[in-house]
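As structure tokens, the structure follows; a few thoughts come after it.
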Amino acid sequence: MKVYPYKRITGEIGLEVTSVRQEREGFYQHDLETWAFSTQERVVALHQVERDDWESVRLGVTAILPGKEIAEGPWTDISVIAVLTEKATNSRTTARLERVAGKDGSWTGHLRFWRSAYRSRADLSVVAVATVDGVRGRMIGRAEEPWIVDLTARTPVRQREMIINQVDFTSGPEWLRPFRDAPWLVETSGDLPTVHLNAGFEGVSELLDSSGGPLERAVRDMLAAQIATDVWTAVFHSAVSDLEVDEHGNPQWPGGWRDAVLRGMLADVLPDHSEADALREIDARRREGSGWNELQPRINYAAGRRAKVAKNLGTAIRTLDTSQRESRA
Amino acid sequence: MTDKPEHLPERLALLADINAAKFLSTGVLSGHEAPPYIALNKITDPVDAKGVRTEVVPIRDLIDDVMHLFRDDARTKADAWLAPRLHAALRLSRREASDSRLWSFLALAVAPDYVVWRHLPTKGRNGLPPMVAASRFSGAHYTQAFSRLWWAAELFRDGSDYGPVQVACGNQDVLNTVLRLDIIDHRPTAQALIRLVAKETVTTGREVNALAVVTNAAASTLMYDVLAEDEEWDGGAFDAWVEEADSAPPVPRKVLPTGPDDGPVPLAAIDALAGRFEELFKDARVRGRTEVTDQLGDD
């Protein structure tokens, strides 16, 4: 845990988005219905909501600070700032929230951001700042759970692990044509990993969409698990090879989906290391090559675990057993 | 050495990383072979934008000019000239500029000769011929040959004034170190850092790195946005600048172009942070910097 040389808020800081207003200057202002943002998932979904030509969005933001602790603490000159950031666009938008009269610890305000400055998924948080021990501008706390503002999602869902793109490899984009006899292909360069599913490979799409008898379902789940294993292996390698290092040569957590992949899989790949050590270790092994080959079975294992290969295989074998017994009977 | 592509595409396009990767052969990276332009242009995707902003020729002209102007100079000097002009010629939104496929396309289909000219090291490694790092063709925003210049221009310009961009790009350590920091996403912070470079309070690579380290570390407990408040960004003025691309004259070669008029960074905010950064920097222990510190004390 990080140690700070001054007193910070120990209580929780809550954050809610209370309204979402789309705007196009001189044309319209439009408050979105509540289905566009979810308090449960903590996501605002902005893709193709109502109008597609919006220029900016004004988010109504409320922060709840532990009122009693604030009143009794050593902080003066408290301000509460809403912060929207996105790594891909290096964009950062801030807005000062105002104290709500008569409501202890409650702060509210609006944060306006422009569509042209953001690309896909931005993080919304609030930071409490105060003067402590005579030092102005100290950060004394931030919201436990940030929100996600998703410009590409139609519905407010937090977990998006991959994009499934059904395309016929023989008639689709030129670059997919050399792969026409492959049932699927994993691409990891974008904002999210993408599985290109070859619609020209007869039966694959139907099989994955099937909900037939137990045997069919077992085969479907096995196939899904195999694709998932491929995806996890590919995203892991991609995340490791894209690691950035700071000025001391320490690898940095990459953010976005790569971050989630590494944190999840490193626990299986290098089980005896702390998260930070595992990241350093994996980066060093890949760079220097020593011990990299030895890690491959472990990476495979970690990918298989995430894809639930063992569970699906087990189910498939049991289903086969049962159906054989039934056909014999 | 790689030549200008004999076949230039008419419009800007997008080249996916997975496709860019397959053209980054030893021959292309060492400048001995040109990328296979025909095959390459077949697998690109069109950009969403329309009009003059998508034309390749104005960008290619800039590349020809920069390679001519700096033909006898250290190649690093070209950055300060090209960055503001590339930014003003492309007129991209951040949304568009965050698409790495556009930059890969520029590097491979429009100006591989520039990438080799600018980034080929003098010596090879492990007995191989000198080779441009693949990340200069297709890589992170602060590494790729063109995106690093565009982002430097975007993050260091003071509203429509590209002056600070020239300062930033005139110092390779600023481009290599400061451009990576998240703290410069706050405009007054970026301007305050550049002011210390412009005033020559920091000059050497070691000093720039020390400044980057201390200001970045202090940002883990201090919120610069509160110490130095920025005005709300005028996204409407920026969008208007992008839309005016069709009627804009070519980017001036002799004087600095004018950027989007989306509001200057408040001077008081830059003052507040520059003073603070200067103190942080003086306190910093820069290895082998005792002499320099003494000189600073005399000023």
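Worth knowing before you read on, the calculation uses all heavy atoms, side chains too, and leaves out hydrogens, waters and symmetry mates. Chain A is the first sequence line, chain B the second, and so forth, proteins listed ahead of strands; every chain is numbered from 1.
Ion pair A:E86/B:R94 not flagged as a salt bridge, since none of the NZ, NE, NH1 or NH2 atoms sits closer than 4.0 Å to an Asp/Glu carboxylate oxygen. Here A:R92 does not pair with B:D182 in a salt bridge; the nearest charged N to carboxylate O distance is not below 4.0 Å. Ion pair B:D239/A:R115 not flagged as a salt bridge, since none of the NZ, NE, NH1 or NH2 atoms sits closer than 4.0 Å to an Asp/Glu carboxylate oxygen.
With respect to chain B, the highest number of heavy-atom pairs below 4.5 Å among A:E25, A:R8, A:R136 belongs to A:R136. If you tally non-hydrogen atom pairs under 4.5 Å between each of A:S91, A:P173, A:P5 and chain B, the highest count goes to A:S91. Heavy-atom pairs under 4.5 Å with chain B peak, among A:R96, A:R112, A:E55, at A:R96. Per-residue counts of heavy-atom pairs under 4.5 Å with chain A were compared for B:D45, B:I43, B:D225; the largest is that of B:D225. Contact tally against chain A (heavy-atom pairs below 4.5 Å) for B:V242, B:L92, B:T143, B:D99: the top residue is B:D99.
When only modelled atom types and interatomic distance are considered, B:T221 and A:R138 share a side-chain donor-acceptor pair under 3.5 Å.
If you measure heavy-atom distances from B:A39 to chain A, you find no contacts under 4.5 Å at all. Only the side chain of A:Y6 comes within less than 4.5 Å of a heavy atom in chain B; its backbone stays farther off. For A:R177, no part lies near chain B; criterion is any non-hydrogen pair under 4.5 Å. Heavy-atom distances place no part of B:I184 under 4.5 Å from chain A, backbone and side chain included. Neither the backbone nor the side chain of B:E154 comes within less than 4.5 Å of any heavy atom of chain A. Looking at B:H141, only its side chain comes within 4.5 Å of chain A, counting heavy atoms on both sides. For B:A218, no part lies near chain A; criterion is any non-hydrogen pair under 4.5 Å. Of the atoms belonging to B:R187, not a single heavy atom falls under 4.5 Å from chain A.
Expressed to the nearest 0.5 Å, how far CG of A:L111 lies from CD of B:E232 amounts to 8.0 Å. A distance of 10.0 Å separates OG1 in A:T93 from CG in B:D185, rounded to the nearest 0.5 Å. Between A:I140 atom CD1 and B:M223 atom CE the span is 12.0 Å, to the nearest 0.5 Å.
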Decide side chain to side chain contact (heavy atoms under 4.5 Å, CB included) for A:W114 and B:F238; before the verdict, give the C-alpha distance in whole Å, the side-chain angles of both, and the deciding distance to 0.1 Å.
-> CA-CA 10 Å; A:W114 291 78; B:F238 184 90; over 6 Å; no
Determine, stepwise, if the pair B:D17 / A:T188 fulfils side chain to side chain contact (heavy atoms under 4.5 Å, CB included).
-> CA-CA 9 Å; B:D17 295 4; A:T188 56; over 6 Å; no
A:L151 and B:R95: CA distance, side-chain angles, deciding distance, side chain to side chain contact (heavy atoms under 4.5 Å, CB included) verdict = CA-CA 11 Å; A:L151 286 82; B:R95 181 187 182 78; 3.7 Å; yes
For A:N90 and B:W151, what are the C-alpha separation, side-chain angles and deciding distance, and is it a side chain to side chain contact (heavy atoms under 4.5 Å, CB included)?
-> CA-CA 9 Å; A:N90 297 303; B:W151 280 107; 3.4 Å; yes
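Considering only heavy atoms from C-beta on, B:V226 comes within 4.5 Å of A:I81 through its side chain. Residues B:E229 and A:T94 form no side-chain contact, since every pair of their non-hydrogen atoms from C-beta on lies 4.5 Å or further apart.
In terms of heavy atoms, A:R119 sits closest to B:S98 at CD-OG, 2.9 Å. Minimum heavy-atom separation, B:S93 to A:S116: CB-O, 3.4 Å. The two residues A:G137 and B:L227 make their nearest non-hydrogen contact at CA-CD2, 3.9 Å.
Sparse packing is recorded around CG of B:D48, with 12 or fewer heavy atoms of other residues, nucleotides or ligands lying under 6.0 Å away. Counting non-hydrogen atoms of neighbouring residues, nucleotides and ligands closer than 6.0 angstrom, the NZ atom of B:K42 reaches no more than 12 such neighbours.
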